[in-house]
**Student:** 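Just dropping this structure here.
When a ligand or atom number is given, it counts from 1 through the structure's own listing order.
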Amino acid sequence: MEQYSILGRIGEGAHGIVFKAKQVETGETVALKKVALRKLEDGIPNQALREIKAVQEIEDNQHVVKLKDVFPHGTGFVLVFEYMLSDLSEVIRNSDRPLTESQVKGYMMMLLKGVAFCHENSIMHRDLKPANLLISSTGHLKIADFGLARVFSTQGGRLYSHQVATR
Ligand code: ADP
Ligand code: MG
């Protein structure tokens with residue numbers, strides 16, 4: 001944790017607190033998501049996290065937020081992500097008028113590319129919603145918050161929950 005200096009709090013959700021921070025050595029701005037172990041047990045499946053990290057190391061995907069590091073901290077652990085300026089729920093909330101058709105198309109295209117990448121790598125997100133779609137300063141959309149994600153088998157024969165969280 002000494003390698004990072006906290007700049008402020010970005011968000012707080014079901015699985016942890018997210019901070020804006022600076023990596024001291026490189027000066028790079030990152031987002032730190034602190035996850036408590038107690039919540040971990042009923043929240044983030046370890047296997048999915050490992051899978052996501054592996055997937056992100058094999059192939060850098062433009063439309064899935066980059067997980068840069070994971071390390072234990074206190075009774076839980078910290079996930080280090082690339083920093084993103086905003087999320088889609090904020091973008092919608094802060095704009096005076098509805099998104100234009102071309103904006104909607106653009107966001108939808110990036111969302112679908114990100115979802116396709118997850119599915120190609122046998123990961124279902126299971127909590128896609130505007131607050132979990134991060135927007136960069138250049139307007140790029142990336143899927144985040146794999147707290148409810150799970151790895152699925154393409155072999156078939158397995159049954160999955162019909163509904164987990166957001167429809
Ligand atoms: P939770 O499981 O608590 O919902 P999220 O990963 O969705 O956690 O993060 C909560 C909020 O923090 C997001 O909705 C977003 O606004 C902000 N956030 C998360 N990750 C980042 C990031 N990498 N860069 C900037 N903001 C982020
Ligand atoms: Mg979330």
**Student:** Report yes or no: is the cationic atom of Lys20 (NZ for Lys, CZ for Arg) closer than 6.0 Å to the six-membered ring centre of Tyr83, at no more than 45° off its axis?
**Tutor:** yes

**Student:** Quick check on side-chain hydrogen bond (donor to acceptor under 3.5 Å, both in side chains): which of Gln23, Glu28, Glu82 does Lys68 satisfy it with?
**Tutor:** Glu28

**Student:** If we only count heavy atoms from C-beta on, is the Leu134 to Ser86 side-chain gap below 4.5 Å?
**Tutor:** no

**Student:** What atoms in ligand 1 come closer than 4.0 Å to a heavy atom of Phe81?
**Tutor:** 23 (N)

**Student:** Do any N/O/S atoms of Asp127 come under 2.8 Å of the Mg ion (ligand 2)?
**Tutor:** no

**Student:** Which atoms from ligand 1 have a heavy atom of Val18 less than 4.0 Å away?
**Tutor:** 9 (O), 10 (C), 12 (O), 18 (N), 19 (C)

**Student:** With a 4.0 Å cut-off on heavy atoms, does Lys20 reach ligand 1?
**Tutor:** no

**Student:** Hey, does Leu79 have a side-chain heavy atom less than 4.5 Å from the side chain of Leu67?
**Tutor:** yes

**Student:** Check whether Phe146 and Val80 end up in the same hydrophobic cluster, where Ile, Leu, Val, Met, Phe, Trp and Tyr are linked by side-chain heavy atoms less than 4.5 Å apart.
**Tutor:** no

**Student:** Under the side chain to side chain contact (heavy atoms under 4.5 Å, CB included) criterion, do Ser136 and Leu85 qualify, and how do the steps go?
**Tutor:** CA-CA 5 Å; Ser136 75; Leu85 188 66; 5.8 Å; no

**Student:** Considering non-hydrogen atoms of the protein only, which is the closest contact for atom 17 (C) of ligand 1, and what is the distance?
**Tutor:** Ile10 CG2, 3.8 Å

**Student:** Name of the Asp145 N, O or S atom nearest the Mg ion (ligand 2)?
**Tutor:** OD2

**Student:** For atom 1 (P) of ligand 1, what is the nearest protein heavy atom, given as residue, atom name and distance?
**Tutor:** Asp145 OD2, 3.4 Å

**Student:** Between Lys129 and Asp145, does the salt bridge (Lys or Arg N to Asp or Glu O under 4.0 Å) criterion hold? Intermediate values first, please.
**Tutor:** CA-CA 10 Å; Lys129 59 180 179 183; Asp145 194 358; over 6 Å; no

**Student:** I'd like to know if the side chain of Arg126 reaches the main chain of Ala149, judged simply by a donor and an acceptor atom lying under 3.5 Å from each other, with no hydrogens or angles considered.
**Tutor:** no

**Student:** For a 4.5 angstrom cut-off between non-hydrogen side-chain atoms, does Val91 reach Gln103?
**Tutor:** no

**Student:** Which is closest to atom 23 (N) of ligand 1 by heavy-atom distance: Glu90, Glu82, Met84?
**Tutor:** Glu82

**Student:** Using a 4.0 Å heavy-atom threshold (strictly under), name the region of Leu134 that reaches ligand 1: side chain, backbone, both or neither.
**Tutor:** side chain

**Student:** Specify side chain, backbone, both or neither for Ala31, according to which of its non-hydrogen atoms lie closer than 4.0 Å to ligand 1.
**Tutor:** side chain

**Student:** Please state whether Gly16 comes within less than 4.0 angstrom of ligand 1, counting heavy atoms only.
**Tutor:** yes

**Student:** Pick whichever of Ala131, Ser136, Gly11 has a heavy atom sitting closest to atom 13 (C) of ligand 1.
**Tutor:** Ala131

**Student:** Only heavy atoms of Asp87, strictly under 4.0 Å: list the atoms of ligand 1 that pass.
**Tutor:** 14 (O), 15 (C), 16 (O)

**Student:** Taking only heavy atoms of Lys33 into account, list the atoms of ligand 1 that are under 4.0 Å away from them.
**Tutor:** 1 (P), 2 (O), 5 (P), 6 (O), 8 (O)

**Student:** Other residues, nucleotides and ligands only: do more than 12 of their heavy atoms fall within 6.0 Å of CE on Met108?
**Tutor:** no

**Student:** Considering non-hydrogen atoms of the protein only, which is the closest contact for atom 3 (O) of ligand 1, and what is the distance?
**Tutor:** Gly13 CA, 2.8 Å

